[in-house]
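Working notes for the structure below.
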Amino acid sequence: MIKSGLEQYYEKYGRYPEPTEEAEGDSETFDGVTMNRGGAAMLYQAITGDGSDYVKAESKGTPSDGTVDAQEVVNSINSNLPPFMIFSMSKSKEVPGLRCLVDGYGRPFQYTKGGHVEAVNSTYDVWSYADEKSTTVNRDLATKKDPQKTATWIKNW
């Protein structure tokens, strides 16, 4: 679903989405593990069109609020994501606030645009730490290329 959305985004805009600087530094603790949630918010916004403040090229300062209104629907790639993949940072899907895409463990997907010094692929990297038990997680290239460290991750490479 995410890959399809990213490919449709590429077809529409001629590039893959990129998180804003604010998104890159946006982290939170999920189940005792601190991880970046900005890439997951950027993915949500790039695919659904609900907001644009986490998508670098599209950034217009509009935060996600959980609904795709008439002005946003033109930017939507796929607004029919399964509800279990959408996490509201306001802790309620009914309350406006930042939304992000999460895996089956409720942890945010991670994203690196291709060409970045920490990217494995030339297009983009999408992964989740899944059921990672350590209290900190790394996203540097050396860690991402180490199959022992990433054995439990869900990843596209």
Checklist outcome for this item: Taken to the nearest 0.5 Å, the spacing of Cys100 SG from Met85 CE works out to 10.5 Å
Item to check | Value rounded to 0.5 Å, distance of CD in Gln110 from NZ in Lys144 | outcome: 9.0 Å
Just by distance, do the side chain of [X] and the backbone of [Y] share a donor-acceptor pair under 3.5 Å?
| X | Y | result |
| --- | --- | --- |
| Thr112 | Glu118 | no |
| Asp140 | Ala142 | yes |
| Thr143 | Arg139 | no |
| Ser128 | Ala130 | yes |
| Lys12 | Ile77 | no |

Checklist entry - If every non-hydrogen atom of Pro17 is compared with every non-hydrogen atom of Val55, which pair is closest and at what distance? => result CB-CG1, 4.4 Å
Item to check | Any side-chain donor near an acceptor of the partner, Tyr124 and Glu18, under 3.5 Å | outcome: no
Next on the checklist: Regarding Ser76 and Glu72, do their side chains bring together a donor and an acceptor under 3.5 Å, going by distance alone?
Outcome noted: no
Can you find a pair of side-chain heavy atoms, one from [X] and one from [Y], that are under 4.5 Å apart?
| X | Y | result |
| --- | --- | --- |
| Val120 | Asp125 | yes |
| Thr150 | Lys155 | yes |
| Met35 | Glu132 | no |

Next on the checklist: If you apply the rule side-chain contact (heavy atoms from CB on, under 4.5 Å), what do you find for Leu98 with Tyr54, and how did you get there?
Outcome noted: CA-CA 10 Å; Leu98 181 67; Tyr54 274 53; 3.9 Å; yes
Next on the checklist: With side chain to side chain contact (heavy atoms under 4.5 Å, CB included) as the test, pick out the partner of Tyr111 among Ile2, Leu6, Leu101, Asn36.
Outcome noted: Leu6
Next on the checklist: Once salt bridge (Lys or Arg N to Asp or Glu O under 4.0 Å) is applied, what residue pairs with a partner in residues 41-50 remain, sequence neighbours excluded?
Outcome noted: none
Checklist outcome for this item: With sequence neighbours left out, the residues meeting ring-ring contact (aromatic ring centres under 6.0 Å, His included) with Tyr105 are none
Checklist entry - For Tyr44, which residues count as a ring-ring contact (aromatic ring centres under 6.0 Å, His included) partner, sequence neighbours excluded? => result none
